[in-house]
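This report concerns only the one structure given below.
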Amino acid sequence: MSVGDLPAVNAILNGTAAILLTRGYFLIRAGAADSHKRAQHKRFMVAAFSVSAVFLVSYLVYHANVGAVYFQKTGWIRYVYLTILFTHTVLAATVPFLAIITLRRALKAAKSGNFSRHRRIARWTLPIWLYVSVTGVVVYLMLYWL
């Protein structure tokens, strides 16, 4: 694998994170009182965190080697791309912090049984993280395949 392959790898990692986040969300919604579903939820969310961490390393390696990659299209599609890229970038900067805080609160709550602090931040973390993961794939498709 070469550095040139990393954008596709990054898109796959982002898509995988989105799938894991969605599955983890539905597991906890379906059975917060069920210890088996809570354990599955935990596994899916830790997996999403791990996949996102691998993505971040891969993304940084790629851009350290290649630098900035510019969208070549013009017209209205450029404005669409730049809008998606802007919102993606701003929110992506928050995801590592939100994810770490959310995961830390969940692991702490697992000992005490009080998940209220975890739930409060998870309600913000999940949609932002999911948006960033999905728009990461969209940015890749627009930049490399459009």
Side-chain angles (χ1 to χ4, degrees), residues 1-32 34-73 75-110 115-146:
M1 178 168 47
S2 71
V3 171
D5 297 326
L6 291 180
V9 169
N10 292 341
I12 291 166
L13 291 169
N14 266 325
T16 302
I19 291 165
L20 292 167
L21 289 168
T22 302
R23 181 69 179 133
Y25 171 77
F26 283 113
L27 279 165
I28 204 62
R29 296 302 296 169
D34 177 349
S35 64
H36 178 67
K37 286 209 166 104
R38 276 196 319 271
Q40 284 185 309
H41 166 76
K42 179 182 176 182
R43 282 193 293 274
F44 273 87
M45 299 317 259
V46 169
F49 182 84
S50 300
V51 166
S52 291
V54 171
F55 159 80
L56 183 56
V57 170
S58 178
Y59 176 86
L60 292 173
V61 166
Y62 176 74
H63 285 287
N65 283 284
V66 174
V69 179
Y70 297 99
F71 189 71
Q72 300 299 316
K73 302 290 182 189
W76 66 270
I77 195 68
R78 182 173 184 77
Y79 295 110
V80 171
Y81 171 80
L82 291 173
T83 300
I84 293 169
L85 180 63
F86 176 77
T87 59
H88 169 82
T89 303
V90 169
L91 293 172
T94 70
V95 169
F97 302 103
L98 288 170
I100 289 168
I101 292 167
T102 305
L103 184 61
R104 192 164 165 242
R105 286 185 182 181
L107 295 173
K108 246 181 170 176
F115 285 90
S116 61
R117 290 185 75 221
H118 166 69
R119 275 194 299 277
R120 268 197 308 273
I121 195 165
R123 285 187 178 120
W124 288 94
T125 303
L126 177 69
I128 292 170
W129 192 354
L130 196 53
Y131 178 83
V132 167
S133 294
V134 170
T135 56
V137 175
V138 171
V139 165
Y140 165 76
L141 292 172
M142 291 182 81
L143 194 56
Y144 295 96
W145 289 94
L146 190 65

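In what follows, every heavy atom counts, from backbone to side chain, and hydrogens, waters and symmetry copies are set aside. Numbering starts at 1 and runs along the sequence shown.
T102 is not listed as a side-chain neighbour of M45, based on a closest heavy-atom distance of 4.5 Å or more. At a threshold of 4.5 Å between non-hydrogen side-chain atoms, the residues S50 and V46 count as touching. Residues D34 and R38 are not in side-chain contact: their nearest non-hydrogen atoms beyond the backbone lie 4.5 Å or more apart. With contacts defined as side-chain heavy-atom distances shorter than 4.5 Å, the pair I128/L98 qualifies. At a threshold of 4.5 Å between non-hydrogen side-chain atoms, the residues H118 and L107 do not count as touching. Looking at M142 and I77, their side chains come closer than 4.5 Å, going by heavy atoms from C-beta outward. Looking at heavy atoms from C-beta onward, T87 lies in side-chain contact with Y131 at the 4.5 angstrom threshold.
With 3.5 Å as the limit, one finds a donor-acceptor pair spanning the side chains of W129 and S52.
Closest heavy-atom contact between V66 and V69: CG1-CG2, 4.0 Å. Between S133 and L21, the shortest heavy-atom distance links the atoms OG-CD1, 4.2 Å.
Using cut-offs of 30° and 60° on the angle between ring planes, the pair Y62 and Y144 is perpendicular.
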Derivation and outcome, side chain to side chain contact (heavy atoms under 4.5 Å, CB included), residues L82 and F71: CA-CA 9 Å; L82 291 173; F71 189 71; 5.7 Å; no
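The side-chain hydrogen bond (donor to acceptor under 3.5 Å, both in side chains) search around W145 returns Y140, not counting sequence neighbours.
Of the possible polar contacts, none joining the D5 side chain to the M1 backbone as a donor-acceptor pair under 3.5 Å is found.
No more than 12 heavy atoms of other residues, nucleotides or ligands shown are found within 6.0 angstrom of OH on Y59.
Here the CG atom belonging to N10 is positioned 7.0 Å from the CG atom belonging to N14, to the nearest 0.5 angstrom.
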